[in-house]
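Count residues from 1 along the sequence.
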Amino acid sequence: MSDTSGLITPALVDLYLAPEDKNEALRALAQRLVAEGRVTDLDGFLADIAAREAQAPTGMGDGIGIPHCRSPHVTQPSLAFGRSAKGVDFDAPDGRPADLIFMIAAPAGADDTHLQILAALARRLMDPAFTGALRDAESPSAVAATINGEEAPTAAPETVAVPGTVAVPETAAADGALRLVAVTSCPTGIAHTYMAAKALELAAARAGARIQVETQGSAGTTPLDPEVIAAADAVIFAHDVEIRDRARFAGKPTVDVGVKAGVNRADDLIAQAAGLVTDAGGARPATAPVTASGASGVPAGEHWAQRLRRYLMTGVSYMIPFVAAGGLLIALAFAIGGYQIASAPSVLGHFDWTSSHSWAAMLFQTGKASFGFLVPVLSGYIAWAIADRAALAAGIAGGAISVAVGAGFLGGIVSGLAAGFLVLWMIRWNVPRAIKGIMPVVVIPLLSVAAVGFLMFVVVGSPIASAMNGLTDWLNGLSGSNAILLGVLLGAMMAFDMGGPLNKVAYTFAAGALTTAGTTPDAGSLKVMAAVMAAGMTPPLGMALATVVRRRLFTPDERENGKAAWVLGASFITEGAIPFAAADPLRVIPASIAGSMTAGGLVMAFGSTLRAPHGGIWVLPLIGSPFLYLVAVVAGTAVTTAVVVLLKGMRKPAAQAAVASPVAGKQPAAV
């Protein structure tokens, strides 16, 4: 490992890490990064670490914990290391507490060189000689030198050190040995991706097999050679995010698991792959992937509801930029030219550079064009999440047909799911070798687009269109208690997980309904969007206000984080309240829900409208009844503040002292 001298210094090493609680241990290591200027915001960084921990435990087994994240609060790629005599529980699969803790901190915009350094470090963690040297090190300087590669532990040389595509040396396997390919990936693409690759490589060498691993991580990806894939007997997918270009592996017996299984059960995965090849008679079949979980493309142990949510959220994530761009452009057009701008003639050939009316018409028509992509993109990327690139054509075409028949975003969801599962089934077909080459570019697109078109035009398009019309009429007709109850419900969803699945469901409902608003100034869907944005603003604003009115209830770090929460809340970034919720969820989350329910209900009661899908106070001129909208936001903020102050004030003084102690008593020791 080279060029890593800046990754860790002796000051970032704690050989006597005292806390046995995971959160306290993370704070102690993070404070060292802050003291060295590697992290600018302690609580913000810890919130990013906590968000990564919530996705999956970072205990690797064998006494290793590797908490890590990419964070805007990190100034340069860094590593803090702690060695604990009693161990810290990181929920490792073997139940063993971690005595070696590696906190990897990567900047949000880290370049490829830095990410490759972190990737190489992650691979070295699978080397017993490397971790053994760290357990035996007698000084922080020795630890830093070992990690930075200045003192190499006595061990067999690394077989691979370049992230991207890795391979076991040819001498590791005899002729005729099992030939495998694998792909590894994880949400952050920093640690587990490369650790799983290394573990699979070592396990294959022990089994006398040949393997090449494609790491789809942050350090860049070098796709496997198509000839290598064609020659492989089986495939191993160890991933927590969608495999890119999955269709390349169609027709191979496949073991499909989470990335942690690749790290902790590599030998078992190699054995499973060998078993699948044996069951197939030792041949390389041209049929569908046969997975260890019993279904093609399905990670082992994942519930069908989890898979469905993953498919839908993939489509939503690709759709949201079109919502934001189109919605803001249309809102600006109405603000400049009024609602009558919707009937303006095309600006093509009718554009006057000096006329505000022409500029407003241009903005409206551009935004409308962006909105036209919402449903096709949603449908296309739902299909892509299910069956990869081969399903994009049918998904996008189905979404476009959904718009044509008036089925809207509900039709887009149906067409995306139908296209994805249809193509996934078609990939399984056992076809002659002469036809196999044209399957992904001719046969699958032709048949899948035709089938989805028939489905949307003839079978489900009209019923879904009727349902969409009913939803639009219901939203436009909302008044009184019905509107208020909807606002209260959406408010609770926005605050419950602050950017998580429920929050995204509420936002997606509002954004999808926004596309049905037309040119009606007071459409119910515009009220829904206003309620959702107000409800999303109040949790961080309420926490910020609470740090001002009752400072003693919050730690110095929380009070500092409250300053940023003002801006985040005002900008409709609900995640600004996450640091508070992570530190005290039983008090902060109920308070946030109460405030957001208040704001959402009041906005619906006041009849405020919003055509822009984002922006917070920065789009205030685009809000209908802006004064009443601000009243609702202020009321929700006040409720959040009052409830969190009440709940925190009910704690005993001893509990309050315990909250303050991590900052007062855990400053980094001088090294």
Donor-acceptor contact present, side-chain H68 to main-chain I66, <3.5 Å: yes
Between T538 and S596, does a side-chain hydrogen bond (donor to acceptor under 3.5 Å, both in side chains) hold up when you go through it step by step? CA-CA 6 Å; T538 55; S596 293; 3.1 Å; yes
By side chain to side chain contact (heavy atoms under 4.5 Å, CB included), which residues pair with A544, not counting sequence neighbours? A565, W566
Using side-chain heavy atoms (C-beta onward) and a distance below 4.5 Å, is V549 in contact with V645? yes
Test of understanding: with side chain to side chain contact (heavy atoms under 4.5 Å, CB included), list the residues that count as partners of A238, not counting sequence neighbours. T184, V257
Applying side-chain contact (heavy atoms from CB on, under 4.5 Å) to R587 and V643, what does each step give before you reach the verdict? CA-CA 8 Å; R587 295 173 179 83; V643 175; over 6 Å; no
Got a donor-acceptor contact below 3.5 angstrom from the T254 side chain to the D256 backbone? no
Between N148 (side chain only) and I8 (backbone N and O only), is there a donor and an acceptor less than 3.5 Å apart? yes
Could you go through M103 and L33, starting from their C-alpha distance and side-chain angles, then the distance that decides it, and tell me whether this counts as side-chain contact (heavy atoms from CB on, under 4.5 Å)? CA-CA 10 Å; M103 176 179 278; L33 293 168; 3.8 Å; yes
Taking every non-hydrogen atom, the tightest pair across I64 and R135: CG1-NH2, 4.5 Å
With distance as the sole test, does T146 use its side chain to make a donor-acceptor pair with the main-chain N or O of L134 at under 3.5 Å? no
What verdict does the side-chain contact (heavy atoms from CB on, under 4.5 Å) test give for E53 and C69, after you've listed the backbone C-alpha separation in whole Å, the side-chain angles of each residue and the deciding distance to 0.1 Å? CA-CA 9 Å; E53 290 286 316; C69 71; over 6 Å; no
